[in-house]
Structure formats: structure tokens, C-alpha cells
Student: 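Can you read through this structure? Questions will come right after.
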Amino acid sequence: MTSSSADGRVKVVVKLEKDEDDYPPVDYEGLWALPVGEGLFQIDNVPFFARGIAHGDIVSATFEQQELRFRDVVRSSGHSTLRLIIYDEKDIPSVRALLEEMGCSIEQSHIPGLISVDVPPTVSMAVLRTALDEGEAQERWGYEEACLAST
């Protein structure tokens with residue numbers, strides 16, 4: 001049985017590829033999505049581990065082994081996904097405020113210090129990268145670009 005919410009969202013399950021450090025720490029990630037057509041779903045949260053997928057993307061999925069399995073991104077939303085690991089958890093509120101002030105939205109993981117960042121198309125990646133690089137240089141956080149919208 002697929003996981004679903006009261007507002008009609010369903011979970012689309014993405015199989016994850018592990019790197020040489022055995023990261024990410026899970027094999028699959030469930031992403032909330034809204035059904036938008038036969039086998040098509042609009043992603044409705046920011047991925048923590050999946051690469052190449054962003055909030056608002058339209059994806060295809062098939063029903064296998066009683067769950068919706070991700071197949072492909074059908075249409076990009078124009079959003080990008082970044083991930084930050086914040087080294088001092090006391091910094092999370094100020095980092096959240098900085099990113100939200102720049103126009104991004106944040107989701108916080110169950111993993112301490114890990115946040116995923118939705119970057120809408122209205123936010124300048126160049127300006128955002130300057131701020132992120134500065135924080136990385138100060139050793140406040142590390143970040144990765146998990147999904148960049150094509151420009």
C-alpha cells in the first residue's frame with residue numbers, strides 16, 4: 001500500500017546511489033508528491049538525499065511492490081536543490097534566516113545539522129553561491145548542489 005496524506009499527497013520512492021564513503025546513510029528516500037496525471041507526480045518537498053530532483057519537478061513513477069517507484073524527471077520546475085551540513089547546530093536558526101531572507105525555503109533533516117534548501121528560479125545562484133562559499137570558507141558549513149536547474 002502506498003503511503004499517502006490527508007491532502008492527497010503520496011510518497012514517491014527514489015532508489016539512492018551510495019558514494020565511496022557509503023553516503024547517503026539510506027538506500028531509498030520517500031518524497032511527497034501530488035498526482036498530476038497518469039503516472040505523473042509533482043514533487044512537494046525538498047529532497048535530502050536524492051540527486052537531480054527539485055521541489056515542483058514533475059516526475060514519472062510506477063507502482064511496484066506496493067509503492068510508487070521514481071522513474072524519471074519529466075519536466076523541471078526551474079527550482080534547484082542544495083544541501084548544507086551545518087557544523088554547529090546552534091548556527092541553524094541564523095543559517096535558516098539567511099537563506100530564507102535570500103528567498104529560499106528550508107527543510108531540516110532528522111540528521112543533526114543537515115538541511116535541504118529549495119532555491120526557486122527567482123533566486124540568483126551566483127549571489128547564493130557567494131554567501132555559501134563565504135560560510136564554507138569560515139568553516140561554518142559544507143554544502144553540495146544536488147540539483148541545479150538548467151538556465
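Below, all heavy atoms of this structure are taken into account, side chains as well, without hydrogens, waters or symmetry copies.
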Student: Can you find a heavy atom in the side chain of Arg129 that is under 4.5 Å from one in the side chain of Tyr143?
Tutor: yes
Student: May I ask you to test the Leu82-Met125 pair for a side-chain heavy-atom distance under 4.5 Å?
Tutor: yes
Student: Considering non-hydrogen atoms only, spot the tightest contact between Pro25 and Ile111 and give its length.
Tutor: CG-CD1, 3.9 Å
Student: Dump the intermediate steps for side-chain contact (heavy atoms from CB on, under 4.5 Å) on Asp91 and Trp141, then the final yes or no.
Tutor: CA-CA 9 Å; Asp91 255 355; Trp141 58 69; 5.6 Å; no
Student: Is any side-chain heavy atom of Pro24 closer than 4.5 Å to a side-chain heavy atom of Arg83?
Tutor: no
Student: Between Glu144 and Arg51, does at least one N-O distance fall below 4.0 Å, as a salt bridge requires?
Tutor: yes
Student: With side-chain contact (heavy atoms from CB on, under 4.5 Å) as the criterion, how do Lys18 and Asp27 come out once you've worked through the C-alpha distance, each side chain's angles and the decisive distance to 0.1 Å?
Tutor: CA-CA 8 Å; Lys18 293 192 182 253; Asp27 293 325; 2.9 Å; yes
Student: Looking only at atom types and distance, does a side-chain atom of Glu136 sit under 3.5 Å from a main-chain N or O of Gly142, one as donor and one as acceptor?
Tutor: no
Student: Might you point out which heavy atoms bring Pro112 and Glu89 nearest each other, and give the distance in Å?
Tutor: CB-OE2, 3.2 Å
Student: Do Ile53 and Phe70 have side chains that approach each other closer than 4.5 Å (heavy atoms only, starting at C-beta)?
Tutor: yes
Student: Measure the spacing between CG of Asp118 and CG of Leu99 and express it to the nearest 0.5 Å.
Tutor: 11.0 Å
Student: To the nearest 0.5 Å, what is the distance between CG (Asp57) and OG1 (Thr81)?
Tutor: 7.0 Å
Student: Do the rings of His55 and His79 sit parallel, tilted or perpendicular, given the 30° and 60° boundaries?
Tutor: tilted
